[in-house]
Amino acid sequence: MIKVLIADDQELIRQSLQIVLGVEKDLEVLDSVSNGVEVIRSVRKEKPDVILMDIRMPEMDGVVCTRIIKENYPDIKIIILTTFDDDEYVFNALKYGASGYLLKGISTRELAEDIRKVYHGTALINEDIASKVLKLFSRMAQSNLAIQVEEDQTASLKPSEKQMIALVGRGMSNKEIAGKLNLSEGTVRNGLSVILSKLGLRDRTQLAIWAVQTGTAGLYFEDERK
């Protein structure tokens with residue numbers, strides 16, 4: 001059972017999400033709250049697996065709340081759910097560790113499936129804003145907000161680990177990476193944990209950003225030379 005927390009300042013949206021997710025047999029809505037302060041309070045009590053987090057909420061917005069939650073509960077997955085297609089919000093939410101950014105117009109069927117994907121380790125970005133996010137990531141190489149990794153940390157990477165990083169940078173899921181490299185999903189999952197430890201990175205999103213910054217995402221494979 002995937003335990004879900006809903007955070008949105010509009011009561012109608014909270015109620016609607018509770019209803020549509022409540023019919024999913026493998027999803028359980030633990031709580032619904034109206035601002036970031038209440039999110040933190042609920043997380044301490046309920047320990048959700050996934051949080052659906054609105055960006056613009058009173059008292060504490062979704063970006064600040066995401067940072068606090070990921071610093072204290074790194075295993076909790078956060079999906080930013082919003083009507084706002086805004087560069088700064090997209091960038092900061094992902095920078096602080098959100099696993100996905102979806103617009104509120106998404107269908108209920110897609111939302112339930114995306115919750116499952118995020119729970120199992122896939123990063124999600126709505127296709128309407130994916131190109132914008134990729135441009136932001138690319139520009140980060142010229143900014144002081146770029147993900148910093150020391151040279152001695154990258155020196156310890158094996159060729160197979162660089163391949164995994166490249167595929168993460170291309171937005172592939174563990175399942176897709178496993179298929180590409182002829183590995184099991186468990187091997188990929190364990191391999192990425194080792195890579196994050198070697199590079200001193202917090203999560204898959206930071207790894208993807210670093211892969212784009214450094215050009216590692218452009219690493220080609222034998223079958224791509226043909």
Side-chain angles (χ1 to χ4, degrees), residues 1-7 17 20-21 24-29 48-53 55 62 66 69-70 73-82 90-134 136-137 147 160-197 199 201-212 216-217 219 221:
M1 186 69 72
I2 302 173
K3 297 176 291 185
V4 181
L5 169 63
I6 298 168
L17 289 173
V20 298
L21 295 179
E24 302 291 333
K25 294 181 179 179
D26 60 336
L27 303 180
E28 178 188 3
V29 178
D49 299 309
V50 178
I51 302 175
L52 292 180
M53 182 92 74
I55 281 285
T66 293
I69 293 297
K70 295 302 291 187
Y73 305 92
D75 292 335
I76 293 177
K77 304 295 194 301
I78 297 175
I79 299 176
I80 298 298
L81 193 61
T82 183
V90 171
F91 172 76
N92 285 326
L94 294 174
K95 181 180 71 173
Y96 290 136
S99 297
Y101 191 102
L102 303 175
L103 300 180
K104 285 182 178 177
I106 188 173
S107 72
T108 55
R109 182 181 59 80
E110 289 178 299
L111 178 58
E113 187 57 34
D114 286 342
I115 289 173
R116 296 183 186 101
K117 288 179 180 178
V118 164
Y119 176 73
H120 290 294
T122 300
L124 293 171
I125 301 176
N126 183 280
E127 62 182 12
D128 295 330
I129 57 175
S131 60
K132 180 174 290 191
V133 173
L134 288 174
L136 281 169
F137 286 177
I147 301 296
S160 60
E161 291 172 334
K162 290 181 180 179
Q163 288 183 320
M164 282 192 193
I165 294 170
L167 297 178
V168 169
R170 298 181 190 186
M172 288 191 181
S173 66
N174 285 358
K175 183 177 181 179
E176 291 169 329
I177 294 172
K180 182 76 172 178
L181 300 180
N182 295 315
L183 301 171
S184 70
E185 287 187 60
T187 298
V188 172
R189 186 164 50 250
N190 292 337
L192 290 176
S193 294
V194 170
I195 289 168
L196 291 174
S197 179
L199 298 181
L201 299 179
R202 181 185 59 228
D203 54 33
R204 188 190 194 95
T205 301
Q206 284 195 336
L207 182 62
I209 294 172
W210 182 79
V212 172
T216 307
L219 182 70
F221 297 80

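These numbers come from a predicted model, not from an experiment.
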* Examine distances only and state if a side-chain atom of Asn174 and a backbone atom of Ile177 form a donor-acceptor pair shorter than 3.5 Å. =>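 Looks like no, no N/O pair under 3.5 Å.
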If we ignore hydrogens and angles and just use 3.5 Å, is the side chain of Lys70 paired with the main-chain N or O of Ile76 as donor and acceptor?
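Here the side-chain-to-backbone pair exists.
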Restricting to salt bridge (charged side-chain N to carboxylate O under 4.0 Å, His left out), what partner residues turn up for [X], sequence neighbours left out?
X      : value
Asp26  : Arg116
Lys104 : Asp8, Asp54
Glu161 : Lys198
Arg189 : none

[X] side, atom [atom1]; [Y] side, atom [atom2] - distance, nearest 0.5 Å:
X      : Y      : atom1 : atom2 : value
Thr216 : Leu207 : OG1   : CG    : 9.0 Å
Leu111 : Leu27  : CG    : CG    : 8.5 Å
Ile51  : Thr66  : CD1   : OG1   : 7.5 Å
Leu199 : Ile165 : CG    : CD1   : 5.0 Å
Leu52  : Leu102 : CG    : CG    : 8.5 Å
Ile69  : Leu5   : CD1   : CG    : 8.0 Å

Who pairs with [X] by side chain to side chain contact (heavy atoms under 4.5 Å, CB included), at least two apart in sequence or on another chain?
X      : answer
Val50  : Ile2, Lys77, Ile79, Ile115, Tyr119
Lys117 : Glu113, Asp114, Thr122, Leu124
Ser107 : Arg109, Glu110

**Asked** Which residues pass the side-chain hydrogen bond (donor to acceptor under 3.5 Å, both in side chains) test with Ser184, sequence neighbours left out?
**Response**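 With sequence neighbours excluded, Ser184 shows a side-chain hydrogen bond (donor to acceptor under 3.5 Å, both in side chains) to Thr187, given in chain and number order.
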Closest non-hydrogen atom pair between [X] and [Y], with its separation:
X      : Y      : result
Val118 : Ser99  : CG1-CB, 3.6 Å
Met53  : Gly62  : CG-CA, 3.8 Å
Asp203 : Leu196 : O-CD2, 3.4 Å
Pro48  : Val4   : CB-C, 4.4 Å
Lys25  : Met1   : O-CE, 3.3 Å

Leu181 side chain reached by Val188 side chain, heavy atoms, under 4.5 Å: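 No; the side chains remain at least 4.5 Å from each other.
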query: Taking it one step at a time, do Glu176 and Leu167 satisfy side-chain contact (heavy atoms from CB on, under 4.5 Å)?
result: CA-CA 9 Å; Glu176 291 169 329; Leu167 297 178; over 6 Å; no
